[in-house]
Amino acid sequence: MDKYDLIIIGAGSAGLPAAVYAARFRLKTIVIGDLIGGTITKTHVVENWPGIVEISGLDLASKLEEHVRANDVEILPEKVIDVTKSSNGFSVKTNSKEFFAKTVLFATGTTRKKLGVPGEKEFENKGVSYCAVCDAALFRNKVVAVVGGSDSAAKEALLLAEYAKKVYLIHRRDKIRPEPINGERVKNNLKIELLLNLNVKEIFGEKLVKGVRFVEGGELLLDGVFIEIGAIPNSGLAEKLGVKITAGKEIMIDKDSRTNVPGIYAAGDIADRHFKQAITGAAEGVIAAFSAYEYINKSV
């Protein structure tokens with residue numbers, strides 16, 4: 001069994017910066033994640049990473065990966081299926097291998113929520129999408145809708161407006177809640193129309209999506225439906241270890257990214273922080289690496 005000081009589960013904008021610092025602390029480290037770069041790879045444009053005015057999510061992820069590899073840290077593109085605790089550390093299993101570590105950082109992020117309405121599953125990849133970066137170009141000169149009212153939903157609508165002839169932003173409340181700068185962009189974009197106080201009850205079509213029907217009555221004809229209604233934290237493996245989580249399934253951490261289980265840390269979207277950004281996740285990951293370094297050296 002390969003042995004490490006630190007295993008980082010998750011290869012996104014929290015896990016990769018943590019790996020850079022772990023290497024600088026001379027911790028033997030491996031990053032294991034089934035999506036190298038994490039969900040930021042599905043972000044069209046990043047404008048709030050300090051020192052870089054504008055960069056695509058894919059390019060930023062590539063730079064983070066390059067930085068990790070430059071520090072001779074291995075990145076394994078696999079999914080972790082189990083983590084167990086032993087008397088002197090933790091066993092981490094993938095489908096192909098088992099590893100041992102003195103410490104573990106959960107940077108496992110989240111999984112997109114589904115609407116859970118009739119037609120959603122049937123028309124996935126047939127007009128229903130969860131990623132505008134992936135699929136926007138398929139809807140050039142089409143009519144589409146984004147379901148959701150968050151900053152992510154606003155950014156999805158703005159990206160889609162670069163391709164589609166019309167974009168509806170459907171939200172169940174009386175106002176959307178993006179960052180102010182993105183709210184202004186939505187308001188000023190003539191292609192985007194807000195449809196508020198509406199709940200989608202069905203996505204309908206034949207071979208492809210044809211539209212949505214609302215709980216409140218009526219329907220809207222569409223070529224595509226992009227769902228952006230939040231995400232569920234991937235905290236199941238940590239919870240099984242006895243790590244405390246919130247009612248919303250986020251891992252509880254202190255100011256040093258430590259959990260209640262010694263040797264276990266968390267960072268990024270998985271952690272119980274109100275303000276979640278790539279840069280804040282990176283900071284939490286870096287702090288976690290330092291905490292792991294201190295923990296290991298106190299244990300020696």
request  = Side-chain contact test, heavy atoms from C-beta onward, threshold under 4.5 Å: evaluate it for L220 versus I170 and give yes or no.
outcome  = yes
task = Answer yes or no: is there a side-chain heavy-atom contact under 4.5 Å between V31 and V73?
result = yes
ask   = Do L27 and L16 belong to the same hydrophobic cluster, where Ile, Leu, Val, Met, Phe, Trp and Tyr are linked whenever their side-chain heavy atoms lie under 4.5 Å apart, directly or via other members?
value = yes
remark   = In this structure, CD1 of I296 is separated from CG of L6 (nearest 0.5 Å) by 6.5 Å
ask   = Going through the checks in order, is the side-chain contact (heavy atoms from CB on, under 4.5 Å) test met by I229 and K114?
value = CA-CA 8 Å; I229 56 170; K114 305 291 179 73; 6.0 Å; no
inquiry  = Would K126 and V209 count as a side-chain contact (heavy atoms from CB on, under 4.5 Å) here? Give the steps.
reply    = CA-CA 6 Å; K126 299 175 183 177; V209 164; 5.7 Å; no
request  = Evaluate whether atom CD1 of I81 has more than 12 neighbouring non-hydrogen atoms of other residues, nucleotides or ligands under 6.0 angstrom away.
outcome  = yes
task = Take E228 and K113 through the side-chain contact (heavy atoms from CB on, under 4.5 Å) test and state the conclusion after the steps.
result = CA-CA 8 Å; E228 186 58 70; K113 286 183 181 177; over 6 Å; no
message = Around atom OH of Y293, are there more than 12 heavy atoms from other residues, nucleotides or ligands closer than 6.0 Å?
response = no
ask   = Under 3.5 Å, is there a donor-acceptor pair linking the side chains of E250 and S235?
value = no
query = Please walk me through it: do R185 and E47 pass salt bridge (Lys or Arg N to Asp or Glu O under 4.0 Å)?
reply = CA-CA 14 Å; R185 288 168 175 167; E47 300 174 305; 2.8 Å; yes
inquiry  = Within the 4.5 Å heavy-atom criterion, are L105 and I9 side-chain neighbours or not?
reply    = no
request  = Measure the spacing between CD of E219 and NZ of K210 and express it to the nearest 0.5 Å.
outcome  = 10.5 Å
ask   = How about F139 and F226: are their ring centres within less than 6.0 Å of each other?
value = yes
message = Has K191 got a side-chain atom pairing as donor or acceptor with A164's backbone, closer than 3.5 angstrom?
response = yes
ask   = Closest heavy-atom contact between K201 and V117?
value = O-CB, 3.5 Å
ask   = Any chain of hydrophobic side-chain contacts (each under 4.5 Å) joining V80 to I36?
value = no
ask   = Can you tell me how far CD1 of I30 sits from CG of D2, rounded to the nearest 0.5 angstrom?
value = 7.0 Å
request  = Using atom types as modelled and distance alone, determine if a side-chain donor or acceptor of E120 lies under 3.5 Å from a backbone N or O of G116.
outcome  = yes
ask   = Does any non-hydrogen side-chain atom of F106 lie less than 4.5 Å from one of L237?
value = yes
query = D272 side chain to I253 main-chain N or O, any donor-acceptor pair under 3.5 Å?
reply = yes
remark   = So the disulfide bond (SG atoms under 2.5 Å apart) pairs with at least one residue in residues 48-145 (sequence neighbours excluded) are C131-C134
ask   = Is it true that the side chains of N88 and S86 contain a donor and an acceptor less than 3.5 Å apart?
value = yes
ask   = Of K102, K28, R26, which meets salt bridge (charged side-chain N to carboxylate O under 4.0 Å, His left out) against D5?
value = K102
inquiry  = One pair to check against side-chain contact (heavy atoms from CB on, under 4.5 Å): L158 and I192. What are the steps and the verdict?
reply    = CA-CA 8 Å; L158 289 165; I192 300 175; 3.9 Å; yes
ask   = Got a donor-acceptor contact below 3.5 angstrom from the E156 side chain to the A153 backbone?
value = no
query = Is any side-chain heavy atom of L194 closer than 4.5 Å to a side-chain heavy atom of V186?
reply = yes
Interatomic distance, T108 atom OG1 to I32 atom CD1 [nearest 0.5 angstrom] = 12.5 Å
ask   = With a cut-off of 6.0 Å (strictly less than), are more than 12 heavy atoms of other residues, nucleotides or ligands near CD of E66?
value = no
Over 12 foreign heavy atoms within 6.0 Å of CZ, R213 = yes
message = Could you measure the distance from the CD atom of E284 to the CD1 atom of I270? Nearest 0.5 Å is fine.
response = 11.5 Å
inquiry  = We want to know whether T111 and N234 form a side-chain donor-acceptor pair, criterion being a heavy-atom distance below 3.5 angstrom.
reply    = yes
inquiry  = Checking the side chain of N182 only, and the main-chain atoms of K155 only, is there a donor and an acceptor separated by less than 3.5 Å?
reply    = no
inquiry  = As a quick check of understanding, evaluate side chain to side chain donor-acceptor pair (under 3.5 Å) for S91 and E98, giving each step before the final call.
reply    = CA-CA 7 Å; S91 172; E98 183 173 357; 2.4 Å; yes
ask   = Judged by modelled atom types alone, do N48 and Q277 share a side-chain donor-acceptor pair under 3.5 Å?
value = yes
Close side-chain approach of S56 and H44, heavy atoms under 4.5 Å = no
Side chains of D174 and N197, donor plus acceptor under 3.5 Å = no
ask   = Does K85 NZ have over 12 foreign heavy atoms under 6.0 Å away?
value = yes
ask   = Any link between V144 and L115 through a network of hydrophobic side chains (Ile, Leu, Val, Met, Phe, Trp, Tyr) touching at under 4.5 Å?
value = no
ask   = Going by the angle between their ring planes, with limits at 30° and 60°, are Y265 and Y295 parallel, tilted or perpendicular?
value = perpendicular
ask   = Under the 3.5 angstrom rule, does the side chain of K166 hit a backbone N or O of A161 as a donor-acceptor pair?
value = no
task = Look only at the side chain of T43 and the backbone of V45, and say whether a donor-acceptor pair between them is shorter than 3.5 Å.
result = no
query = Any chance NZ of K3 has more than 12 other-residue heavy atoms, nucleotides or ligands included, within less than 6.0 Å?
reply = no
request  = Would you indicate whether K276, at its atom NZ, is surrounded by more than 12 heavy atoms from other residues, nucleotides or ligands within a distance under 6.0 Å?
outcome  = yes
Closest contact, heavy atoms only, P178 versus A154 = CB-CB, 3.7 Å
Main-chain N/O of P180 paired to D151 side chain as donor or acceptor, under 3.5 Å = no
task = Give the cluster check for F123 versus Y168: same hydrophobic cluster or not, with ILVMFWY residues linked at side-chain heavy-atom distances below 4.5 Å.
result = yes
inquiry  = For a quick check under 3.5 Å, do E78 and S96 share a side-chain donor-acceptor pair by atom type?
reply    = yes
task = Flag yes if more than 12 heavy atoms outside Y130 fall under 6.0 Å of its OH atom; otherwise flag no.
result = yes
key: Joint hydrophobic cluster, I75 plus L35, side-chain heavy atoms closer than 4.5 Å   = no
key: Side-chain heavy-atom pair N260, V243 within 4.5 angstrom cut-off   = yes
query = Does the side chain of S62 pick up a donor-acceptor pair with the side chain of D59 at under 3.5 Å?
reply = no
query = Measuring from L241:CG to I251:CD1, what's the distance to the nearest 0.5 Å?
reply = 9.5 Å
task = Verify whether one side chain among D135 and S129 offers a donor that lies under 3.5 Å from an acceptor in the other.
result = yes
request  = I would like to know whether F100 and Y4 meet ring-ring contact (aromatic ring centres under 6.0 Å, His included); could you show each step before the answer?
outcome  = CA-CA 6 Å; F100 173 83; Y4 293 88; 9.6 Å; no
inquiry  = Looking at D82 and K93, would you say the former's side chain and the latter's main chain have a donor-acceptor pair under 3.5 Å?
reply    = no
query = Is there side-chain contact between I279 and W49, with heavy atoms separated by less than 4.5 Å?
reply = yes
query = So, E216 side chain and N199 main chain: donor-acceptor pair closer than 3.5 Å or not?
reply = yes
